[in-house]
Amino acid sequence: MRYKFLTAAFAATVAVNFAGPAAATDLEVTHWWTSGGEAAAVAELAKAFDATGNHWVDGAIAGSGGTARPIMISRITGGDPMGATQFNHGRQAEELVQAGLMRDLTDIATKGKWTDIVRPKSLLDSCTIDGKIYCVPVNIHSWQWLWLSNEAFQKAGVPMPKDWNEFVAAAPALEKAGIIPLAVGGQPWQASGAFDVLLAAVGGTDAFLKVYKEKDAKFAGGPEIAKVFKAADDARKMAKNTNVQDWNQATNLVITGKAGGQIMGDWAQGEFQVAGKTAGKDYTCLPGLGLNEVIATGGDAFYFPLLKDADKSKAQEVLAETLLDPKTQVAFNLKKGSLPVRGDVDLNTANDCMKKGLAILAKGAVIPWTDQLLSQDSQKQKEDLFSEFFAKPDMTLEEAQKRFADIIASAD
């Protein structure tokens, strides 16, 4: 269902008054970073902004993006905008921008030479509508990871898998040892994301783009994607005993050795870090599930609603500049587990998994993510399908693939 926005007339009533003296001020920032690792990361942003003499008023909304975004959008369209708000790179704020409710950052971007420092270029492209820049990308978050518990595989007496196929083969041994092979939380976006990762890893980059970029419904219903659904069925069977909802609870099953692995974005690194775990020693990471090492250029960006208050508007400019400051980029991304959007920062202290991601990025092995390629309507349909698929073992692969192809056929 599409969000309904107020008319352009309303937008005119919140036009920014740029006149008046600059002043340190409180600025409410909404986001959905509430897990342990996420909270540690967002604290770095708040610390950097507070150091400018302004004050970050934290507006964390629990329950992940699916819960938070409708609240954020409702506030903006209802005339109670925050100072800044997180969305993912891509099309999530597209209609807010088109309704004239979000601030144009082009002048700030030009002054800061964002086109020179933000990489890859697609990140800034995702912030650009009709030639104007409306957001600040702060990280590169990729879904393309399989996180494995070294403890779980040691207990099961099987070698650490080198790729998805070896992981599937190890599932019976893990189950025999009382370990859940694959942890998948109950939130719809987790099941949908896991399928998308399988599509890029098992199907390959060309297949991923053919489905989500070209929106080739015939291909989505064909034999190449049938192989991906077989892999998704393996994942469904391996995850059947997972009894948690939130993604970080699923990550904790891996951290504690109760689950063998999890398909999850690199934000999971923050949870391992908070738990005091060391990459390569306590856990292993396989980018692209060990089959197709690519980085998806998804991630987080901040948008700035139009405000009436001139001082808060000035504080928005300061926050936008602070988010891309080299020191802020390093401090935030080391805690978040994500990659920086600047290519000129020092990440010598990055852990083994982050270094793998940086190496893939340096090779240019990148793909756009579904948030950049599909509207929120299409994303929601996909989430509903795969939530049902993982929850209902009696749903046939043929039925699921047919419904998937229908979604792609009508995708925008």
Side-chain angles (χ1 to χ4, degrees), residues 29-49 56 60 64-65 68-69 84-90 92-93 105 109 112 114 117-127 133-145 193 247-248 264-274 285 287 294-304 319-347 349-351 353-362 366-372:
V29 185
T30 55
H31 59 87
W32 56 81
W33 290 325
T34 56
S35 75
E38 290 173 328
V42 78
E44 295 293 340
L45 299 183
K47 182 168 68 175
F49 183 61
W56 175 292
S64 79
R69 279 189 297 272
T85 188
Q86 171 201 7
F87 285 114
N88 294 123
H89 300 157
Q92 292 177 355
L105 304 177
W114 291 2
I117 64 173
V118 174
R119 62 83 196 253
K121 180 178 177 292
S122 59
L123 297 178
L124 211 53
D125 289 344
S126 292
C127 289
I133 295 172
Y134 287 93
C135 68
V136 184
V138 293
N139 59 18
I140 302 167
H141 258 322
S142 178
W143 253 99
Q144 316 302 120
W145 296 86
W247 71 268
N248 53 307
M264 186 50 59
D266 49 15
W267 49 89
Q269 284 195 86
E271 301 304 299
F272 285 101
Q273 189 167 304
V274 166
C285 54
V294 295
I295 289 293
T297 54
D300 303 293
F302 280 90
Y303 287 76
F304 297 80
L319 177 57
E321 294 168 350
T322 301
L323 292 170
L324 281 179
D325 180 83
K327 291 182 180 178
T328 308
Q329 279 280 297
V330 171
F332 170 71
N333 284 293
L334 286 177
K335 293 282 178 68
K336 192 71 168 61
S338 47
L339 303 179
V341 299
R342 295 187 65 130
D344 58 352
V345 295
D346 181 7
L347 282 172
T349 55
N351 68 28
C353 292
M354 186 179 286
K355 286 177 180 176
K356 286 183 182 179
L358 288 167
I360 295 168
L361 190 65
V366 298
I367 57 173
W369 195 234
T370 56
D371 289 318
Q372 298 164 289

How many angstroms lie between atom [atom1] of [X] and atom [atom2] of [Y], to the nearest 0.5 angstrom?
| X | Y | atom1 | atom2 | value |
| --- | --- | --- | --- | --- |
| Phe87 | Cys127 | CZ | SG | 12.0 Å |
| Trp267 | Ser142 | CH2 | OG | 8.0 Å |
| Ser122 | Ile367 | OG | CD1 | 11.0 Å |
| Leu124 | Ile133 | CG | CD1 | 4.0 Å |

TODO: Over all heavy atoms of both residues, which pair between Thr30 and Thr85 is shortest? Give the atoms and the distance, please.
DONE: OG1-OG1, 2.7 Å
Task: Closest non-hydrogen atom pair, Trp145 against Cys353 - done: CH2-O, 3.3 Å
Open item on the list: Assess the residue pair Asn88 and Asp300 against the criterion (side chain to side chain contact (heavy atoms under 4.5 Å, CB included)); give the C-alpha distance rounded to whole Å, side-chain angles, the decisive distance to 0.1 Å, and a yes or no.
Closed with: CA-CA 4 Å; Asn88 294 123; Asp300 303 293; 3.2 Å; yes
Hey, are the side chains of [X] and [Y] touching, using non-hydrogen atoms and a 4.5 Å cut-off?
| X | Y | value |
| --- | --- | --- |
| Ile295 | Gln144 | no |
| Trp114 | Val136 | yes |
| Val42 | Trp56 | yes |

Is it true that a side-chain atom of [X] and a backbone atom of [Y] form a donor plus acceptor pair closer than 3.5 Å?
| X | Y | result |
| --- | --- | --- |
| Glu38 | Lys336 | no |
| Asn139 | Pro340 | no |
| Gln372 | Trp369 | yes |
| Gln269 | Gly337 | yes |
| Thr322 | Ala48 | no |
| Gln329 | Val341 | yes |

Under the side-chain contact (heavy atoms from CB on, under 4.5 Å) test, which residues partner [X], sequence neighbours left out?
| X | answer |
| --- | --- |
| Ala331 | Glu44 |
| Arg119 | Leu358, Leu361 |
| Ala68 | Trp32, Ile61, Met72 |

Task: Flag if over 12 foreign heavy atoms under 6.0 Å of NZ, Lys327 - done: no
Task: Any residue meeting ring-ring contact (aromatic ring centres under 6.0 Å, His included) with Phe302, in chain and number order, not counting sequence neighbours - done: Trp33
Task: Phe304: ring-ring contact (aromatic ring centres under 6.0 Å, His included) partners, not counting sequence neighbours - done: none
Task: Intermediate values then yes/no, salt bridge (charged side-chain N to carboxylate O under 4.0 Å, His left out), Arg342 and Asp344 - done: CA-CA 6 Å; Arg342 295 187 65 130; Asp344 58 352; 2.8 Å; yes
TODO: Check each of Asp325, Leu319, Val29 against Phe49 using the side chain to side chain contact (heavy atoms under 4.5 Å, CB included) test, and report the only one that passes.
DONE: Leu319
- [ ] Decide side chain to side chain contact (heavy atoms under 4.5 Å, CB included) for Met354 and Leu334; before the verdict, give the C-alpha distance in whole Å, the side-chain angles of both, and the deciding distance to 0.1 Å.
- [x] CA-CA 9 Å; Met354 186 179 286; Leu334 286 177; 3.9 Å; yes
Task: Counterpart residues, side chain to side chain donor-acceptor pair (under 3.5 Å), relative to Asn333 (two or more places apart) - done: Ser338
